[in-house]
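First the structure, in the form of structure tokens, and then the observations on it.
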Amino acid sequence: MLDFHRADLARLAARDRLRGLAPMAGRDFASNDYLGIASHPRLAAAIVNAVDEGVSIGSGGSRLLRGNHPEHEALEAEAAAFFGAEASLYFSSGYTANATLLATLPQRGDLIVHDALVHASMHEGMKLSRAQAVSAAHNDPAAFDDAIRRWRAEGGKGTAWIAVESLYSMDGDTAPLAELMAVAERHDAMLIVDEAHATGVFGERGQGLATPGERVVTLHTCGKALGCEGALVAGPAIVRDYLVNRGRGFIFSTAPSPLMARGVREALRILADEPERRTALHERIALAGERLAPHGALANGTPIMPLILHDNGRTMRAAEALRLRGFDIRGIRPPTVPVGAARLRLSITLNVEQADILALDQALQEVLA
């Protein structure tokens, strides 16, 4: 019984690809808590106050049953205003939101053109979609344009959907959103932008990199720079209405905790009230780029700096050596990244000081030698 599963795990171990769970320990160069908001006193106070007011911990059901709490609706109204959209919808996780978007919005006869490096959650949604899906070369607007042109030439008559991330979680590079928007406008297409790693970090108020509009749908996860949990889909009101009526990942899921909705509301206010957090983060990003790039880390001006070591075994040995020196840095291996692209994913957050970055510089010299 379960012989296949034992053999599969053994195969993963033989290729240095077996995963395990490790606790939080050491200086944080691994998390996505970019602005250090997860432990912000205002966030804790907001949750305590909500409990004192009688806000329930659990929702008690799906949003279409009794689980639709005033905290959910208050968050969605405030989030729509914050992100400059007509409406927003709160999901329990970014994975569920992305999968539901791609499974629900594109219809039979439509085309989804996705960046080659989009998140696994988008691929999950495309597997469930009735639309045809094709891949385009990473961050190449011409490849997206060509894919739509070929589809039209072959008789495609539906809507084209362009699916990308604004900031890619493994390479730390940003999408050419202005050029992709031009492609969308040229072909009367829709643009779906996963802002998971850009929300809170970029934009005048931390609203991300995408420009809102009638043909733009954005996803903002709440468990990264917002320090909470869940995800917000923002865009035209009809998108919200359609997801409420047709999005199985929304309809058949128990609603997120009303307490967490209160927390996300406070996190959005912290973004607006404390722009100095973004300033401090970008100062750390600049310092990290200066000190860590000589070791091979890719510095793109974002909090994500991959240090590609190629070999799975070497990557995991380096991660362990850094752990023993007091740094929480995780090794990333296939299939999360392409074969031969195993890496240390260095994440810069406000949970570390400039002195920690200088210490990491020294540690990398020792470990990589």
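What you see below is based on every heavy atom in this structure, not just the backbone, and it leaves out hydrogens, waters and symmetry mates.
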* To do: For Asp361, check salt bridge (charged side-chain N to carboxylate O under 4.0 Å, His left out) against everything at least two apart and list the hits.
  => Arg291
* Structure fact -> Contacts of Ala160 meeting side-chain contact (heavy atoms from CB on, under 4.5 Å) (sequence neighbours excluded), chain-then-number -> Ile148, Trp151, Ala189
* Please write out which residues are connected to Leu21 in a hydrophobic cluster, directly or through intermediates, given that two of Ile, Leu, Val, Met, Phe, Trp, Tyr count as joined at side-chain heavy-atom separations below 4.5 angstrom. => none
* Asked: Can you tell if the side chain of Asp145 reaches within under 4.5 Å of the side chain of Arg186, non-hydrogen atoms only?
  -> yes
* To do: Measure the acute angle between the ring planes of Phe327 and Phe29, then classify it against the limits of 30° and 60° as parallel, tilted or perpendicular.
  => tilted
* Asked: Would Ile308 and Leu298 satisfy side chain to side chain contact (heavy atoms under 4.5 Å, CB included), going step by step from the backbone distance to the final call?
  -> CA-CA 8 Å; Ile308 299 175; Leu298 302 179; 4.2 Å; yes
* Structure fact -> Applying salt bridge (charged side-chain N to carboxylate O under 4.0 Å, His left out) to Arg345 and not counting sequence neighbours gives none
* **Pairs touching residues 216-266 that satisfy ring-ring contact (aromatic ring centres under 6.0 Å, His included), sequence neighbours left out** => Phe83-His220, Phe91-Phe250
* Asked: Are Glu76 and Arg63 ion-paired here, with the side-chain N under 4.0 Å from a carboxylate O?
  -> yes
* Applying salt bridge (charged side-chain N to carboxylate O under 4.0 Å, His left out), name anything that partners Asp273, two or more places apart in sequence or on another chain. => Arg42
* **Crowding at CD, Glu276 (>12 non-hydrogen neighbours, <6.0 Å)** => yes
* Basic-acidic side-chain contact under 4.0 Å: Arg323, Glu320 -> yes
* Please collect all side-chain hydrogen bond (donor to acceptor under 3.5 Å, both in side chains) contacts where either partner lies in residues 47-59, sequence neighbours excluded, each pair once. => Glu53-Arg262
* Structure fact -> Those residues at least two apart in sequence (or on a different chain) that pass side-chain contact (heavy atoms from CB on, under 4.5 Å) with Leu12 are Leu9, Arg15, Arg17, Leu18
* Mind checking what makes side-chain contact (heavy atoms from CB on, under 4.5 Å) contact with Ala237, not counting sequence neighbours? -> Glu86, Ala87
* Asked: In chain order, what residues pass the salt bridge (charged side-chain N to carboxylate O under 4.0 Å, His left out) check against Asp8, with sequence neighbours excluded?
  -> Arg11
* Could you tell me whether Asp16 and Arg314 make a salt bridge, using a distance below 4.0 angstrom between a side-chain N and a carboxylate O? => no
* Asked: Quick one: hydrophobic cluster around Leu128, which other residues, with the 4.5 Å side-chain cut-off, linked directly or via members?
  -> none
* **With sequence neighbours excluded, residues passing side-chain contact (heavy atoms from CB on, under 4.5 Å) with Thr302** => Leu167, Thr174, Phe202, Asn300, Ile304
* To do: Determine whether Ile192 and Ile162 make a side-chain contact, defined as any pair of heavy atoms from C-beta on separated by less than 4.5 Å.
  => no
